[in-house]
Amino acid sequence: MRLLHRTLLALLAPAALSAQTPLPLKHAPAPTSPEITAADLMTRLYIYSDDSLMGRRGGTEYNLRATAYIAAEARAMGLVPAGDSGTYFQNVPLMRETVDTSSTLVVAGATLRVFDDFLPRRLRGGPARSLDGAPVVFGGPVDGTDSLPADVGRGALVVLGPARAGPGGRVQLGGVLARFRDAAGIALTGLERVPPQFRNALRQPSLVMGGAQGTDSSALFLQITTAAAAELLGAPLDGARPGATGRSVQAHLTFLRESAPARNVVAVVPGSDRKLKGEYVAIGAHNDHLGFNTSPVDHDSLRIWNHIVRPEGADDGGKQATPAQQALADSLLAAYRAAHPGTSRKDSIDNGADDDGSGTVSVLEIAQRISSLRTRPRRSILFVWHTGEELGLLGSRWFTDHPTVPRDSIVAQLNIDMIGRGDADDEVGRTKDGTPIHGGPDYLQLVGSRRLSTELGDLVETVNREDHHGLVFDYSIDANGHPANIYCRSDHYSYARYGIPVVFFTTGIHSDYHQVTDEPEYIDYPHMARVASLIEDIALHVADLDHRVVVDQPKPDPNAACRQ
Ligand SMILES: [Zn+2]
């Protein structure tokens with residue numbers, strides 16, 4: 001699942017936890033069977049989230065290695081390739097973008113240097129708008145821009161001060177970008193407070209979509225020092241009045257781009273009905289995750305700390321420990337160390353066992369099961385493992401814009417992202433009014449299941465009940481206007497925007513979400529097997545209907561921003 005918003009200065013303190021004894025760190029693989037089993041899922045997930053795959057980030061060789069595993073399994077189970085040119089792969093033209101190290105901003109004769117004084121990043125596809133000659137405007141504190149007139153910042157470089165909420169306050173970057181949609185650039189102050197190791201991470205290349213997509217220009221995003229802000233404004237930041245104009249800027253910025261490897265894996269089990277086999281029920285997951293970093297942290301400390309302070313992991317990225325929480329984390333860590341002497345380990349790889357290793361291996365298990373059926377479903381089943389989800393749903397957007405089967409032949413899409421957790425110990429999300437929700441043995445969140453097709457949403461309930469899957473559905477995350485915005489945060493939305501009915505299945509968020517602690521030893525394999533079996537059953541029911549599931553709700557504009 002992609003992050004709600006980038007937490008700009010999210011600095012993880014040492015970390016925490018667990019009441020239960022986790023599974024072993026390594027697991028010897030065993031041959032998989034055609035059935036969907038906890039043992040098969042475990043075998044697959046220990047392979048797929050192993051450290052050797054280095055976090056599977058889209059645009060890296062590790063994403064290629066991960067997708068090679070999926071394709072090899074698809075071939076072994078006899079799936080029909082449905083990617084580019086008769087292969088299992090659909091290449092997705094990502095670009096790796098870096099800023100040239102000689103780039104400068106010149107203001108009133110003073111030269112601001114890239115990395116020392118400012119750090120530019122493009123956050124959206126398409127070329128960055130030129131800053132050259134742009135006037136500078138002070139937009140006020142980053143979390144207080146609503147009071148300004150709507151047209152402030154048009155064509156300007158908008159300088160934003162630190163959050164009024166203080167350090168550690170969460171910055172809704174999406175909101176800031178939307179607020180200054182017409183700006184040439186948006187500059188957030190406080191770069192000098194970012195510790196060197198994080199500043200290093202911010203210098204890493206961005207991965208953006210190349211090709212025919214993303215030709216609309218967008219505001220350039222910069223992080224700048226407080227001293228640079230004073231140069232730009234021609235006055236100290238303290239005491240600057242929101243809306244005040246500063247100097248104008250001459251920009252000498254060069255971005256360098258190179259192609260970066262990324263690919264979807266696409267395969268089909270052909271349907272058995274002569275007339276209906278040209279229609280598809282799509283089942284998907286995302287094959288990528290976040291990669292790795294160069295600032296190792298103590299694994300158990302981080303895990304215990306997050307569990308107490310940030311129960312929703314990166315979604316709680318701005319939360320700091322209260323003294324009582326810190327004391328609790330310290331005592332739990334001491335107890336853990338005493339019970340596990342000599343096991344301290346550093347960790348720097350985002351393994352993404354749940355996100356979305358769980359979905360990826362579940363789709364493999366579902367494919368293996370369906371391909372082994374003596375009686376195949378009437379419609380075909382289309383399996384797509386998307387790349388670049390964590391980079392902004394890039395692979396699914398590419399697939400649905402450039403589908404390898406006719407787009408109108410996809411009757412529904414069932415998306416699986418993070419189905420390996422969701423027990424009572426996990427805070428799986430909050431209701432729209434902010435009440436924490438915990439999972440349980442039968443817990444499953446459904447998102448979007450009636451947003452296009454009431455019939456599809458009803459069918460999911462019927463299959464769960466009549467075929468005795470016994471899962472308990474939580475729809476609270478799917479509320480209109482829910483601040484977590486989950487409906488817009490995974491690959492199903494790329495399909496839904498074209499009016500294809502979707503169901504998003506997830507066991508929800510947890511304290512290891514987007515952390516190096518999202519590892520296979522913390523996964524609930526029996527729970528995951530039940531969810532995967534339900535989804536397989538639903539796919540077969542949709543595939544065998546004598547009609548396409550009926551779309552009875554309004555279709556969105558495929559190019560508009562997603563709204564939950
Ligand atoms: Zn994610």
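Atoms within each ligand, like the ligands themselves, are counted from 1 in listed order. The figures that follow rest on heavy atoms only: side chains count, while hydrogens, waters and symmetry mates do not. Treat the numbers as computed from the prediction; the structure is a model and nothing was measured.
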Q | Pairing residues for Q413 by the side-chain hydrogen bond (donor to acceptor under 3.5 Å, both in side chains) criterion, not counting sequence neighbours | A | none
(Q) If I consider every N, O or S atom in D355, which one ends up closest to the Zn ion (ligand 1)? I only need its name. (A) OD2
N/O/S from [X] sitting under 2.8 Å away from the Zn ion (ligand 1):
X	value
H514	yes
Y513	no
D356	no

Q. Quick one: do R263 and D84 make a salt bridge, cutoff under 4.0 Å?
A. no
Q. Would you call the rings of H386 and F399 parallel, tilted or perpendicular if under 30° counts as parallel and over 60° as perpendicular?
A. perpendicular
**Q.** Residue pairs passing the salt bridge (Lys or Arg N to Asp or Glu O under 4.0 Å) test where at least one lies in residues 473-488, sequence neighbours excluded
**A.** R451-D478
